[in-house]
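Here the structure comes first, spelled out in structure tokens, and everything after it is commentary.
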Amino acid sequence: MNNIVEAVRWLLTADAWSGAGGLWERSMEHLGYTLIALGISAALALPLGLLIGHTGKGRGVSVVATGAARALPTLGLLTLVALFTGIGLTAPMVALVILAAPSVLAGAYAGVESVNPATVDAARAQGMSGWQVLTRVEIPLGLPLILSGLRLAALQIIATATLAAYVGAGGLGRPLFLGLRTYDYPLMLGTSIVVILLAILVDAVFGTGQRLIRRIPGLAGPQRAPRGERRGRRRAVAAGG
């Protein structure tokens, strides 16, 4: 309990946040690592996931591959890559991308597959090409699930990016490992609190983005017709029209 109180007191001091190596600088590094790893993961996994969801081919292989990637121990992978690349940012980035890519991939193909097949068939019946169906129908309607995959990947990266300090990189892992070496438990607890707050902040940003997208017509699944129009359609169907 005393350690928690000391950690909160330390977080409330200006010295903890200011200067080189302060929490503000480390938080920005941590967030930067997250954005870079998420961007690389999205560039690699999003196109593949959309292709799998659109064509339905390779889904079984991707499920096995993503399950195997998720089972890899991140610290072991980080150490293995660092043996070949040396200390620095390369090894953590490789490990974080491998950690995040399965969630992005799964979100992409799940989003495309969630689109009502009748809607896709209707688009094809109107003469849309496969590319047009993907970009104008499947991606917009599946966007909430696609964003869910990115959201999960971002949270996984934030929680794991502390390991970057293990091979000489920066981020919030620096004060965390420093506290571990010096038995400074308030420092460790305070840094952990900052990591949690950063994760909550990023999650809130993605959550707000998803809610805003759902309010955009055409991006939240098939839109319901106005009540009066629906009533008119039911009467027409009942009358055989």
Side-chain angles (χ1 to χ4, degrees), residues 29-115 131 134-135 138-173 195 198-207 209-210 213:
E29 286 177 343
H30 203 91
L31 194 58
Y33 296 168
T34 301
L35 292 176
I36 293 172
L38 184 63
I40 296 174
S41 302
L44 296 175
L46 260 183
L48 182 60
L50 295 175
L51 180 65
I52 292 172
H54 179 68
T55 62
K57 297 178 181 177
R59 191 178 190 282
V61 175
S62 68
V63 169
V64 173
T66 54
R70 283 171 170 161
L72 290 173
T74 306
L75 183 58
L77 180 64
L78 174 66
T79 305
L80 180 64
V81 178
L83 289 176
F84 292 97
T85 62
I87 61 173
L89 197 55
T90 303
M93 278 298 141
V94 172
L96 292 175
V97 168
I98 292 177
L99 172 72
S103 297
V104 178
L105 180 70
Y109 70 67
V112 173
E113 288 178 347
S114 68
V115 179
W131 174 254
L134 176 65
T135 56
E138 292 175 330
I139 292 178
L141 295 181
L143 199 54
L145 276 180
I146 295 172
L147 280 180
S148 293
L150 291 170
R151 182 180 184 176
L152 178 59
L155 295 179
Q156 289 173 326
I157 293 172
I158 287 178
T160 313
T162 51
L163 294 178
Y166 183 70
V167 289
L172 288 169
V195 174
L198 197 60
I200 292 174
L201 175 65
V202 171
D203 186 57
V205 170
F206 271 98
Q210 285 179 290
I213 284 175

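Not measured: the values here are computed from a predicted model.
The side chain to side chain donor-acceptor pair (under 3.5 Å) pairs that include a residue from residues 31-41 number zero, where partners must be two or more places apart or lie in different chains.
Across Leu89 and Ala169, no two heavy atoms sit closer than the pair CD1-CB, 4.0 Å. When all heavy atoms are compared, the tightest approach of Val167 to Ala82 is CG1-CB, 3.7 Å. Contact between Ile139 and Ile146 at its shortest, heavy atoms only, is O-CD1, 4.2 Å. Of all heavy-atom pairs spanning Ile36 and Met93, the tightest one is CG2-SD, 3.7 Å. Ala42 and Pro47 make their closest contact through O-CD, 3.5 Å (heavy atoms, listed as atom of the first residue, atom of the second, distance). Between Gln210 and Ser148, the shortest heavy-atom contact is NE2-OG, 2.8 Å.
Atom CG of Leu75 has more than 12 heavy atoms from other residues, nucleotides or ligands within 6.0 Å. Annotation: Phe206, atom CZ; neighbour count of heavy atoms from other residues, nucleotides and ligands within 6.0 Å is above 12.
To the nearest 0.5 Å, atom OH of residue Tyr109 and atom CG of residue Leu51 are 13.5 Å apart. Note: Leu152 CG to Leu147 CG = 12.5 Å, rounded to the nearest 0.5 Å. With rounding to the nearest 0.5 Å, the separation of CG in Leu78 from CG in Leu83 is 9.5 Å. Remark: Leu35 CG to Ile158 CD1 distance equals 8.5 Å, nearest 0.5 Å. Rounded to the nearest 0.5 angstrom, Leu50 CG and Leu105 CG are separated by 9.5 Å. To the nearest 0.5 Å, atoms CG (Leu38) and CD1 (Ile157) are separated by 5.0 Å.
Formation of a donor-acceptor pair under 3.5 Å by the His30 side chain with backbone atoms of Leu172 is found in this model. Thr66 contributes a side-chain N or O that, together with a main-chain N or O of Val63, makes up a donor-acceptor pair within less than 3.5 Å.
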Only pairs under 3.5 Å count here: list side-chain donor-acceptor contacts from residues 96-103, not counting sequence neighbours, and write none if there are none.
residue : atom : partner : partner atom : Å
Ser103  : OG   : Gln156  : OE1          : 3.0

